Amino acid sequence: MRHLPQLYRAQFRTTFADQVQYRGALAIWAINLILEPVIYLAVWSTVAASQGGAVDGFGARDFAAYFIAAMVVNHASVTWIMWEFEFWIRQGTLSPRLLRPVHPIHQTIADNLTFKILNLIVVLPAAAVLALVFHANFTISPWTLAAFVPALLLAAALRFAIEWTLALAAFWITRVGAINQLYFVVFLFLSGQMAPLALLPSPIATLAAWLPFYRMLGFPVELLLGHLTPTEALWGIGAQAAWLAIFVVALNVLWARGVRQYSAVGA
Amino acid sequence: MIESTAPALSVRDLRKTYSVPERESGMRASIRSLWRRRTSEVVAVAGITFDVAPGEVVGFLGPNGAGKTTTLKMLAGLLHPTAGEARVLGFEPWQREHDYLRQMTLVMGQRNQLVWDIPVADSYELNRAIYAIPIDDYRGALAELDELLELGPLLPKPVRNLSLGERMKCELAGALLHRPRMLFLDEPTLGLDVTAQRRIRAFVAAYAERHQATVLLTSHYMADVEALAERVIVIHRGGLLFDGALGTLVERFSPFKTVTVDLDYPVEGLERFGEIVSIEELRITLRAPKSEAAALTARLLAELPVIDLSVSDPPIDEVIDRVFSAPADEAEPARLVGTSA
């Protein structure tokens, strides 16, 4: 454990060197990241305009603020471990990783952070430009900004833990594509990525509030934009911490079982 | 010291059985397999027992599917055995304790540990961090590996730009930066040209010698084993067929000697001397039962215009081929296990 900081530094350098090799891929990823909120924005602004300027209290400028903040939060919490892990298993590259005196999760954490830091160079200016172009209605108070920081970090940690846990399905199922697809469809609806939760039919909104998806994206966004009361904010951060604890335990249990299974059938 | 007398590697009745899905061909069988999966048990390693002393280099031989790689994977800690015990450097390998992993390495020809898109040197830096190698030790190890393998010009190159041989050298060096005491090398020279093979071989020998490292090595190239290992363990159909000195293996499985003579001028009727393997102009190669080789040599010298004569064991490849092609009942594992070298 003592040498973990050194390991992270080395992994940062490696990932950095690896990623800057593919500037084209980085640029495409950035375009994809920016295009998504623009599309939602365009759709919802049109809907708002057709309904006399607002949908359930959301005007075009509110939508702009919501989807731009969602873009930043999404960037901060995104992972690709579900594909990567399947690749490790299918290509057999998990085996050498298991024989290193360090848990493979550390590499993925370092990779993930490096990618995000590197891409902030694009994401933050893009958010600023979009906010100007679409006249986003950002009214942020000091307390929401202060509460946003832990909420964002917890959202990222939670998403990482959940998607790592789901990725472990690859230990038992050879093709996890179907599971990934299902997860992303549910995520799209229940996290608030496609629309603010308030605009969903109320049973779905209630369900979403009790599931972890909203805590990974919509919650920090709404917290930042001042849609929540301090009590709701505290309650939400508590829910994030609780979900995180559950999934960290699940991840550990399933990892141990999965590795045992993997090393029983032919690593 | 107790350390030096205890075996580096000790294997007792190690077994591995895989459960393999089984299905008849055809559409109907495919549909049936949707709800009923049939599996069959395949014995990969059928209970093998051996010890390896610290610093020993052992060749691990067997045809494809004999259970070599499965054994290596169990000993490296990747696979749980179905039954049996193993201790490597005092550890039970499949517990994968970090203290164990830091002292051993498994090199499997096709699996790359190096990061594809970045310079070799950067991958090594990462390994340094993974194994927590102190900077001075790291520099020492790298200098030594560079000296043995001439890595210098390769270090700044991205791995994807290396040739197969260069990549193997770099893989091997990367796997040894932490100076493991136990090396499992699975086909380290696979796909390399003769020069590169010789290079890798010399390197493994030098490394093992210098660091008193224990090496268990599988290879399809007998030259690897001849150059590196005095002792060989042969497994066949999951069982131990032979464990002993390479020379003993040859003796045991080849009851023949090869006698080669160079003649001064052509001679007719050579058949009377025994089985002729080849005649190339004035060079005649004969095969004789071991017990008759001395008498044959005397006869040849007395009756023919001999310029030169040599008696040798048949090529090791030929011997191994005989071992592996022997029917199962003839090659009863228990009876052929030789004395340990």
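Worth knowing before you read on, the calculation uses all heavy atoms, side chains too, and leaves out hydrogens, waters and symmetry mates. Chain naming here is simple, since letters A, B, ... match the order of the sequence lines and numbering starts at 1 in each. Since the model is a prediction, treat every value here as computed from it, not as a measurement.
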| query | Less than 4.5 Å apart, any side-chain heavy atom of B/Tyr124 and any of B/Cys170? | reply | yes
| message | If I take atom OG1 from residue A/Thr114 and atom CG from residue A/Asp18, how far apart are they, to the nearest 0.5 angstrom? | response | 10.0 Å
| field | Residue, of B/Ile130, B/Asp122, B/Thr82, that accumulates the most heavy atom pairs under 4.5 Å with chain A | value | B/Ile130
| A/His106 vs A/His103 aromatic rings, parallel, tilted or perpendicular, using cut-offs 30° and 60°? | perpendicular
| chain A heavy atoms under 4.5 Å from B/Met104: which part of the residue, side chain, backbone, both or neither? | side chain
| message | If the condition is ring pair (Phe, Tyr, Trp, His ring centres under 6.0 Å), which residues does B/Tyr100 pass it with, not counting sequence neighbours? | response | B/Phe91
| query | Is chain A contacted by the side chain of B/Leu106, its backbone, both, or neither, given a heavy-atom distance below 4.5 Å? | reply | side chain
